[in-house]
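Only one structure is covered here, and it is reproduced in the block below.
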Amino acid sequence: MKAPNKKAFTVIELLTVIAVIAVIGAILIPIVGRSRDSANQAKSVANLRQIGLAIQSYVNDNGGKYPEAWHYGDKGKPWCRAIEPYVGMESDGTKPNNLFRCPALEEDQHHGWSDYGYNENLGVGKPDDRGVSASAANILEPSKTVLVGDAANLETGQGAWVYQALQYARGWQTTNNVPHFRHNGMANFVFLDNHAESLTQEEVELRREEMFGTDRFYGPGIGF
């Protein structure tokens, strides 16, 4: 009896299959990348909204005062430490699943406090202003004023826990801690009324004075 006729792949057929797989891969890889980027951006916005709500709870419990950007106490404490009781976790961007960790950053770019920056014009900006921060009732345009958002240090590329808001709003070239456009060329922000926006660098440049404020919102330190 004759053995069954087994037809093997020809070289041309094999190359055709490889080419088809390569084409499919070229189509799918960008789609997967965009899906991951979209998921990271959505997660970042969700984190910022939670942080914004926690800050609002802090304001409600502290006579309408916003947290100080940096508290010059015995050991010093940044704003994110002040709201830890309201989020139920320690602020640490280096830890997985931490609220203050932005998923769009590389592993070595996370900050030990927060990857999200706080508008320093809401709170203490220099040592002799210790204990001073803005009152919610005195903010004239909360829907236009940034509370927190994606931030990074220009020199290191690491996430930044605070915006150097006064310098950035005035266009000072020495500013390091600024908005970081890490979500497909966009940065996420939550404003004082807790609405969120994703903006390009061009959009932020046009609005940075109103978004961050060219004067401190709490009085002392204006002009410095």
Side-chain angles (χ1 to χ4, degrees), residues 29-30 32-58 66-73 75-125 146-168 174-191 194 196-201 204 208 211-212:
I29 289 173
V32 171
R34 286 195 295 270
S35 297
R36 183 181 63 249
D37 291 342
S38 296
N40 285 342
Q41 184 166 9
K43 175 63 175 173
S44 177
V45 171
N47 287 349
L48 287 168
R49 282 189 180 277
Q50 271 192 267
I51 291 170
L53 289 172
I55 293 174
Q56 187 57 55
S57 295
Y58 175 97
Y66 284 94
E68 298 165 37
W70 175 262
H71 174 67
Y72 290 87
K75 296 182 179 179
K77 183 168 67 173
W79 66 273
C80 43
R81 293 285 193 223
I83 66 167
E84 287 176 347
Y86 298 92
V87 297
M89 67 177 69
E90 183 183 64
S91 56
D92 189 344
T94 66
K95 293 183 177 179
N97 302 317
N98 193 273
L99 186 64
F100 299 86
R101 177 187 178 96
C102 180
L105 288 175
E106 299 295 332
E107 194 59 42
D108 61 349
Q109 293 179 315
H110 295 292
H111 194 282
W113 286 334
S114 173
D115 294 335
Y116 303 115
Y118 178 75
N119 187 346
E120 70 167 359
N121 279 351
L122 293 167
V124 67
V146 166
L147 180 58
V148 286
D150 290 316
N153 184 290
L154 284 181
E155 292 183 353
T156 66
Q158 186 182 46
W161 59 279
V162 68
Y163 287 120
Q164 289 177 279
L166 185 63
Q167 297 94 319
Y168 180 69
T174 55
T175 304
N176 282 325
N177 294 346
V178 296
H180 193 204
F181 302 90
R182 53 189 177 234
H183 301 282
N184 287 319
M186 305 186 82
N188 300 320
F189 302 95
V190 162
F191 291 74
N194 212 46
E197 293 186 32
S198 297
L199 303 171
T200 65
Q201 185 169 359
V204 173
R208 63 176 165 179
M211 286 174 63
F212 293 93

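Source: prediction; values computed, not measured.
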| field | Aromatic plane relationship, Trp70 with Trp113 - under 30° parallel, 30 to 60° tilted, over 60° perpendicular | value | tilted
| query | Does Gln158 use its side chain to pair, donor to acceptor, with the backbone of His110 at less than 3.5 Å? | reply | yes
| said: If you compare all heavy atoms of Asn98 against all heavy atoms of Gly93, which two are closest, and at what distance to 0.1 Å? | reply: OD1-N, 4.4 Å
| request: Please test Leu48 against Phe189 for side chain to side chain contact (heavy atoms under 4.5 Å, CB included), starting from the C-alpha separation and ending with a verdict. | output: CA-CA 7 Å; Leu48 287 168; Phe189 302 95; over 6 Å; no
| query | Val204 and Tyr168: side chain to side chain contact (heavy atoms under 4.5 Å, CB included), yes or no, with the steps? | reply | CA-CA 11 Å; Val204 173; Tyr168 180 69; 3.4 Å; yes
| task | Show your working on side chain to side chain contact (heavy atoms under 4.5 Å, CB included) between Ile51 and Val190 and close with a plain yes or no. | result | CA-CA 9 Å; Ile51 291 170; Val190 162; over 6 Å; no
| Do the non-hydrogen side-chain atoms of Gln109 and Cys102 ever get within less than 4.5 Å of each other? | no
| remark: Value for CG (Asn188) from NE2 (His183), rounded to nearest 0.5 Å, stands at 4.5 Å
| Closest heavy-atom contact between Ala152 and Gly157? | CB-O, 4.4 Å
| task | Using the side chain to side chain contact (heavy atoms under 4.5 Å, CB included) rule, take Tyr58 and Trp79 through it: C-alpha gap first, then chi angles, then the decisive distance, then the call. | result | CA-CA 10 Å; Tyr58 175 97; Trp79 66 273; over 6 Å; no
| Do Phe191 and Leu147 come close enough that some side-chain heavy atom pair is under 4.5 Å? | no
| message | For Asn194, is there any backbone N or O sitting under 3.5 Å from a side-chain donor or acceptor partner on Arg49? | response | yes
| field | 4.5 Å side-chain heavy-atom contact, Pro179 and Phe212 | value | yes
| task | Provide the closest heavy-atom pair for Pro67 versus Tyr118 in the form atom of the first, atom of the second, distance. | result | O-OH, 2.7 Å
| message | Would you compute the distance between atom CG of Asp92 and atom CG of Leu99 and round it to the nearest 0.5 angstrom? | response | 12.0 Å
| request: Compare every heavy atom of Asn119 with every heavy atom of Met211, then report the nearest pair and how far apart it is. | output: O-ND2, 3.8 Å
| Heavy-atom closest pair, residues Phe100 and Cys80 | CE2-CB, 3.7 Å
| request: List the atom of His111, the atom of Ser114, and the distance in Å for their closest heavy-atom pair. | output: CB-O, 3.3 Å
| Okay, side chain of Gln201, backbone of Gly185: is any donor-acceptor separation there less than 3.5 Å? | no
| Okay, side chain of Arg182, backbone of Ala151: is any donor-acceptor separation there less than 3.5 Å? | yes
Check residues 159-166 and write down every donor-acceptor pair under 3.5 Å in which the side-chain atom is one partner and the other belongs to a residue at least two apart or another chain.
residue: Tyr163; atom: OH; partner: Gly149; partner atom: O; Å: 3.1
residue: Tyr163; atom: OH; partner: Asp150; partner atom: N; Å: 3.3
residue: Tyr163; atom: OH; partner: Asp150; partner atom: O; Å: 2.6
residue: Gln164; atom: OE1; partner: Asn176; partner atom: N; Å: 2.8
residue: Gln164; atom: OE1; partner: Asn177; partner atom: N; Å: 2.9

| query | With sequence neighbours left out, what residues match Lys95 under salt bridge (Lys or Arg N to Asp or Glu O under 4.0 Å)? | reply | Glu90
| remark: d(Arg81 CZ, Glu68 CD) to nearest 0.5 Å is 15.5 Å
